[in-house]
**Student:** 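Dumping the structure here so I can ask a few things about it.
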Amino acid sequence: MRRFYAMFTWSIALLLFLGCATTLPPGSDSIRQKSLSASAPGQPDQSVQAFLYGGNGIDSGMSIACTEEGACLLFGDTVRSFGWSMDYLAVKISADQKVIWAKTYDGSGADGALFAVAASDGGFLLVGLSKSMLFTPLKSTDKQQYPLIIKTDSTGDIQWATVIDYYMSGFDFHLNNAVQTADKGYIFSGSSPRCKDKNKGGPLLFKLSEKGDLLWANCYHLSTGSVMDQFRVTETQDRNLAVLFSATEKFGLFLTDFEGKPIWAKTLKSPDTKRIWPQSLVIDNKGRIIATVANVVSITGSGQANAGVSRFTSQGNILWSRQYNMNKITYPRVIVSAYDQQFLIAGVTGDGVWGYLIGYKKPVNYFAFLIDEDGNEKSCISPEKPTVGVRSAVKSQGRYFLFSDYDLSKETTNFYLLLWNPLKDARPDSLKQKVSQSPFQLSEENAAITPKPVELHAMKIEKKILQVRDLGINRSP
């Protein structure tokens, strides 16, 4: 009976997904590419370049992913530039930042982008939350968001598309990040209402095969009773999975085998923490884990958050831990294994706080700085203008690519790509930004993580159901 119910549900979902073709706004045939000054007025910096990509609507840049050959995919979503609804927007650029192709991916409803992953075959994984593939429960007045995962080849053509579902629970489903594993499958971190913990939805990991088939899915709970959230996952050198999480005022790490079974777990706490959010983690060439968190140390007045960075052994033992600050709020978004045994930390700095949730009072600025393997700051950029943050960053072809979006007006936002080459920074020291550093004092405890299999469903979507639109290219001077 349950299987029949599921098939009935998906049949209705498919009918809803088909929808009608999106009516296009006037002048929406081409994507615009334009160079933009990235230096503050009167402070020329030859180490940075900036580019805009988009149309005349709201094009929100979410994630950048680069291939080994140096081509990069700029991924986000678009509204009113190339269609009235919210759709995925993917722009592939060459190593010299010229647009190779640009496409929108459209369901019948709103399709909001989250992140992209560069695949080993030269293609890309496009991940977001969609209201296109949904059956609306009778108790709900609005459609829920389901993960819509699209695998493309190097030209942007769809190879397969999958929607993740769990029998119309009536709750939204969220994803935080994904990585391609050594066996060419994909591990996702996220949260699901089916992972109940103290009447709240909890974190989960699930794995898709190279072809998009669901292999396994687990919820995880912490033995101390604290509710975990905000998972981030990456694969280690020996095919284990390292997972970074938060639990209100704590954060932690745990390691699983390639099937998601826990090996060890630790929680960490700082005496000055009011709230903490994990942001990103990487594995260095020695198999050690580097993690960055947003550490909220003040929730009164204008508030303060620091970028906390910790380096661990492969067994979770702390090697060092530091905090970095550039303003009242220094909110890290990403950490990247950089060149010459260094690490890049990038994010947003500015003023403003809302209770336990960080918010910003414009203007805000991006920041990016390099640290060596001992945590010492080596180089930094954080200009007064333009006012833009960083959501995603990668290294490619000897440079660092920082990606977000830029407001051209109240009605127009474009993808914003900043290229940084610290070796070309010829500014005098008086014009270079500095990062203040302080100890990130952490107490650590061993913990136990309990996995629980969860029943998710991966539904393959026929390629012809998704409307893919090729955009022309307008290279403005």
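The chain is numbered in sequence order, starting from 1. Only heavy atoms go into these numbers, but all of them, side chains included; no hydrogens, no water, no symmetry mates.
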**Student:** Is there a donor in the side chain of Gln341 and an acceptor in the side chain of Asp284, or the other way round, less than 3.5 Å apart?
**Tutor:**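 Looking only at side-chain atoms, Asp284 and Gln341 do not form any donor-acceptor pair under 3.5 Å.
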
**Student:** Flag the pair Pro147 / Leu129 as yes when at least one side-chain heavy-atom distance between them is below 4.5 Å, and no otherwise.
**Tutor:**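 Touching, per the 4.5 Å side-chain cut-off.
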
**Student:** Quiz question: by atom type and distance under 3.5 Å, do the side chains of Thr330 and Asn306 form a donor-acceptor pair?
**Tutor:**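 Their side chains do not contain a donor-acceptor pair, so the 3.5 Å distance test is not met.
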
**Student:** Measuring from atom SG of Cys66 to atom CZ of Arg399, what distance do you get when rounded to the nearest 0.5 angstrom?
**Tutor:**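 Interatomic distance, Cys66 SG to Arg399 CZ, rounded to 0.5 Å: 9.5 Å.
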
**Student:** Verify ring pair (Phe, Tyr, Trp, His ring centres under 6.0 Å) between Phe367 and Phe369, making sure each step is shown before the conclusion.
**Tutor:** CA-CA 7 Å; Phe367 72 84; Phe369 61 88; 5.8 Å; yes

**Student:** Is a donor on one side and an acceptor on the other found under 3.5 Å between the side chain of Asn365 and the backbone of Ser382?
**Tutor:**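 Pair absent, no side-chain N/O of Asn365 close to backbone of Ser382.
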
**Student:** Got a salt bridge between Lys463 and Asp153, using NZ or NE/NH1/NH2 to carboxylate O under 4.0 Å?
**Tutor:**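 Salt bridge flag = no for Asp153 with Lys463.
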
**Student:** Does any part of the side chain of Phe401, heavy atoms only, come nearer than 4.5 Å to the side chain of Gln97, both counted from C-beta?
**Tutor:**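 A side-chain contact under 4.5 Å exists here.
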
**Student:** Looking only at heavy atoms, which two atoms of Phe440 and Ser270 are closest? And how far apart?
**Tutor:**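 Nearest heavy atoms, Phe440 then Ser270: CE1-CB, 3.6 Å.
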
**Student:** Which residue is it: Phe75, Phe415, Tyr105? I am looking for the one with a side-chain contact (heavy atoms from CB on, under 4.5 Å) to Leu89.
**Tutor:**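 Checked Phe75, Phe415, Tyr105 against Leu89; only one passes side-chain contact (heavy atoms from CB on, under 4.5 Å): Phe415.
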
**Student:** Would Glu373 and Arg288 pass as an ion pair if we require N to O under 4.0 Å?
**Tutor:**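 No salt bridge links Glu373 with Arg288.
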
**Student:** Under 4.0 Å between a side-chain nitrogen and a carboxylate oxygen: does that hold for Arg469 and Asp87?
**Tutor:**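 Salt bridge between Arg469 and Asp87, a charged N being under 4.0 Å from a carboxylate O: no.
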
**Student:** Any side-chain to backbone donor/acceptor pair from Asn325 onto Ser436? Under 3.5 Å, distance only.
**Tutor:**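 Between the backbone of Ser436 and the side chain of Asn325 there is no qualifying donor-acceptor contact (under 3.5 Å).
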
**Student:** Can you find a heavy atom in the side chain of Phe124 that is under 4.5 Å from one in the side chain of Thr67?
**Tutor:**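 Phe124 vs Thr67: side chains touch.
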
**Student:** Taking all non-hydrogen atoms of both residues, which atom of Pro262 and which atom of Tyr220 are closest, and how far apart?
**Tutor:**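 So the minimum-distance heavy-atom pair works out to CG-CE2, 4.2 Å.
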
**Student:** Just by modelled atom types, is the Ala242 backbone N or O under 3.5 Å from a matching donor or acceptor in the Thr234 side chain?
**Tutor:**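 It does not hold such a pair.
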
**Student:** If we ignore hydrogens and angles and just use 3.5 Å, is the side chain of Thr413 paired with the main-chain N or O of Ile58 as donor and acceptor?
**Tutor:**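 Answer holds: no.
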
**Student:** At their closest point, which heavy atom of Trp216 faces which heavy atom of Leu205, and how far apart are they?
**Tutor:**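 Minimum heavy-atom contact is CZ3-O, 3.7 Å.
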
**Student:** Is there a donor-acceptor pair closer than 3.5 Å between any side-chain N or O of Lys92 and the backbone N or O of Ala71?
**Tutor:**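 It does not hold such a pair.
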
**Student:** Side chains of Trp160 and Ile149: closer than 4.5 Å at any heavy-atom pair?
**Tutor:**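 Trp160 vs Ile149: side chains touch.
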
**Student:** Before giving the answer on salt bridge (Lys or Arg N to Asp or Glu O under 4.0 Å), spell out for Asp372 and Arg322 the whole-Å C-alpha distance, their side-chain angles and the decisive distance to 0.1 Å.
**Tutor:** CA-CA 12 Å; Asp372 64 20; Arg322 297 189 183 186; over 6 Å; no

**Student:** Tell me if the CD atom of Glu445 is crowded by more than 12 foreign heavy atoms within 6.0 Å.
**Tutor:**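 No.
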
**Student:** Going from CZ on Phe231 to CG on Leu204, what distance comes out if it is rounded to the nearest 0.5 angstrom?
**Tutor:**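 The CG atom of Leu204 is 8.0 Å from CZ of Phe231, to the nearest 0.5 Å.
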
**Student:** Are Thr256 and Ile449 side-chain neighbours, meaning at least one heavy-atom pair lies under 4.5 Å?
**Tutor:**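 Answer no - side chains too far apart.
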
**Student:** Does Asp213 use its side chain to pair, donor to acceptor, with the backbone of Leu208 at less than 3.5 Å?
**Tutor:**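 Not a single qualifying donor-acceptor pair exists.
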
**Student:** Do any N or O atoms from the side chain of Tyr406 and from the backbone of Leu52 form a donor-acceptor pair under 3.5 angstrom?
**Tutor:**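 No, Tyr406 side chain to Leu52 backbone: no donor-acceptor pair under 3.5 Å.
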
**Student:** Could you check whether Asp106 and Thr104, counting side-chain N and O atoms only, form a donor-acceptor pair closer than 3.5 Å?
**Tutor:**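 Checked: Thr104/Asp106 side chains show no N/O donor-acceptor pair below 3.5 Å.
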
**Student:** Taking everything shown except Gln441 itself, do over 12 heavy atoms lie less than 6.0 Å from its CD?
**Tutor:**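 No, the 6.0 Å shell around CD holds no more than 12 heavy atoms from other groups.
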
**Student:** Specify the closest pair of heavy atoms between Ala113 and Asp77, including all atoms of both residues, with the distance to one decimal.
**Tutor:**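 Smallest interatomic distance, heavy atoms only, reads N-OD2, 3.0 Å.
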
**Student:** Donor-acceptor pair, distance only, cut-off 3.5 Å: does the side chain of Gln180 make one with the backbone of Ser120?
**Tutor:**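 Present.
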
**Student:** How are the rings of Phe206 and Phe188 set to each other: parallel, tilted or perpendicular (split at 30° and 60°)?
**Tutor:**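 The rings of Phe206 and Phe188 lie parallel, inter-plane angle below 30°.
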
**Student:** With a 4.0 Å cut-off, would you call Asp183 and Arg239 a salt bridge?
**Tutor:**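 Yes.
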
**Student:** Closest approach of Lys151 and Ala119, non-hydrogen atoms and distance?
**Tutor:**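 Shortest heavy-atom contact: CE-CB, 3.7 Å.
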
**Student:** Which pair of heavy atoms, one from Val435 and one from Glu377, lies closest together, and at what distance?
**Tutor:**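 Closest approach of Val435 to Glu377: N-OE1, 3.6 Å.
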
**Student:** Side chain of Trp420, backbone of Cys380: donor and acceptor closer than 3.5 Å?
**Tutor:**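 Looks like no, no N/O pair under 3.5 Å.
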
**Student:** Look at the aromatic rings of Tyr53 and Phe51 and report parallel, tilted or perpendicular, splitting at 30° and 60°.
**Tutor:**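 Tilted: the ring planes of Tyr53 and Phe51 meet at 30° to 60°.
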
**Student:** If you measure from CD1 on Ile371 to NZ on Lys378, what distance do you get to the nearest 0.5 Å?
**Tutor:**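 Rounded to the nearest 0.5 Å, the CD1-NZ separation comes out at 11.0 Å.
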
**Student:** With a 4.5 Å cut-off on side-chain heavy atoms, are Phe251 and Thr273 touching?
**Tutor:**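 No; the side chains remain at least 4.5 Å from each other.
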
**Student:** Closer than 3.5 angstrom, by distance alone: can the side chain of Lys460 be matched with the main-chain N or O of Lys211 as a donor-acceptor pair?
**Tutor:**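 Confirmed, Lys460 side chain pairs with Lys211 backbone.
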
**Student:** Can you tell me if Lys452 has over 12 outside heavy atoms packed within less than 6.0 Å of its NZ?
**Tutor:**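 Atom NZ in Lys452 is not packed in, count stays at 12 or less.
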
